[in-house]
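Input: a single structure, listed below in structure tokens.
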Amino acid sequence: MKDENFLKENNARHLWHPMGAPGDLQSNTPKIITGASGVSITDIDGHSTVDAVGGLWCVNLGYSNDVVKEAIAKQLYDLPYYSAFAGTSNPPAIEASYAVREFFAEDGMGRVFFTSGGSDSVETALRLARQYHRLRGEPTRTKFISLKKGYHGTHFGGASVNGNNRFRINYEPLLPGCFHLPSPYTYRNPFNETDPAQLAQNIAAAFEDEIAFQGANTIAAFIMEPIQGAGGVIVPDASFMGLMREICDRHGILMISDEVITGFGRTGDWSGARHWGVQPDLMTTAKGITSGYFPVGACLISEAVAEVFEKDNSGEAGIYHGYTYSAHPVGAAAVIATLAETKRLDLKSNAAARGTQLYEGVLKLAEKHDIIGDVRGGHGLMTGIEIVSDKPAKTPMDGATMARIHQTAYEAGAMVRLGMHNILMSPPLTISEGEIDTILSALDAGFSAA
Ligand SMILES: Cc1ncc(COP(=O)(O)O)c(C=O)c1O
């Protein structure tokens, strides 16, 4: 490896990072992470912190799972790559599809289409939804409905259903025929509704209204995250997803549950949809499917949707979509090992217990620090903290103060993630009670420095 000075000096000079302005990153050097162990990361200066971000909502198993590492290494020697485009397959891909299907059988999922990540999975689900309606003789069903504050990746399809304008404006015009409903965000919403159950009813009514306006026979699918992640960890009322499911059913609209974050135990259940007692038609996954050790995603297809493709007589059921790395043998080996480890360690139960500890700890911090406007979580290891400079006015905290909170917390032992004036946390699901306490005391230090 090149020496430290070379790395620091060249970091953002040649490398453009996702989700940042190239010029800013040249003047504010990103932290260079050189190693990791358990749930902690170490930077180039030798400073170690608990990773409350879990890489990027993905390192569910922590950084030291040798079972997954060895499976990846072995597969590299057996077969490092072969295409899975129709005509060829490979043993780990077949086994991985079996394992993923089994993992999500309780959600009604019957088939697996592998991708290279979350955006790919969303793109796949949107396309399959349109094709499904064409195969059933309803080719006018092409539109998509989604929620504001939702994040569905950065492909043009995903950005079009994305509910945060930061990911949209510079890339417009996006896909036509995409419409957005209010988010189940009690802290700020156009209804001024603070009761989550009532807010869920209001959004359901807005959905009905939009369907009547657009015409049900023009709408292909509704996509939502069971708990909105990147948008600020927005936890809906327990009734919300079921209400949306019932409306979709009544109007022949497919429901896509975007489980890129919520899948594989993060909510305290094996999927976010299961957490709310809902069976979607399609699910999109990535991240926890390999604990971030290898880039893999999967779009999952319910038995009923699969049947329409598999029993087609029109000759139009060919899926002319997919990726060079779909069903990659090394990625598939990572999936098999990750799912086995995820189940063996019962990650969902630890996520539920430690998630409650983190959430309750942050609620206590909110009693001490007036800059905490809203605390969201309590459903597994996803916690969001909204920081404000004026609590009654809910004024979003300025960027410089957010950066100071972040840096102080980092120095005090926890890497957290900033999403504008929100602090987002999604630590590895293997985290211990003591490590959650470390995150809480680091946050306390961060807030004290605001
Ligand atoms: C809910 C959701 N969908 C899709 C994506 C996009 O995934 P990727 O970044 O792997 O393309 C993300 C990424 O964070 C996500 O949180």
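Excluded from the calculations below are hydrogen atoms, water molecules and symmetry mates; all remaining heavy atoms, backbone and side chain alike, are included. Order of listing sets the numbers, starting from 1, for every ligand and every atom in it.
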Between the protein and ligand 1, which nitrogen or oxygen pairs come in under 3.5 Å, and how far apart is each?
residue	atom	partner	partner atom	Å
ligand 1	3 (N)	Tyr151	O	3.4
ligand 1	3 (N)	Asp258	OD1	3.3
ligand 1	3 (N)	Asp258	OD2	2.8
ligand 1	7 (O)	Ser119	N	3.3
ligand 1	10 (O)	Gly118	N	2.8
ligand 1	11 (O)	Ser119	N	2.7
ligand 1	11 (O)	Ser119	OG	2.6
ligand 1	14 (O)	Lys287	NZ	3.1

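With a 6.0 Å radius and a threshold of 12 heavy atoms from other residues, nucleotides or ligands, Arg130 has its CZ atom above the threshold.
Relative orientation of the Phe264 and Phe104 rings is perpendicular, given thresholds of 30° and 60° on the angle between their planes.
For the pair Lys31 and Tyr410, the cation sits on the ring face: its NZ or CZ lies under 6.0 Å from the ring centre, inside 45° of the axis.
No salt bridge links Lys394 with Glu386; every basic N to acidic carboxylate O contact stays at or beyond 4.0 Å.
Closest heavy-atom contact between Gly118 and Ala286: N-CB, 3.3 Å.
The side chain to side chain contact (heavy atoms under 4.5 Å, CB included) with Phe114 is formed by just one residue from the set Ser121, Ser97, Cys299; it is Ser97.
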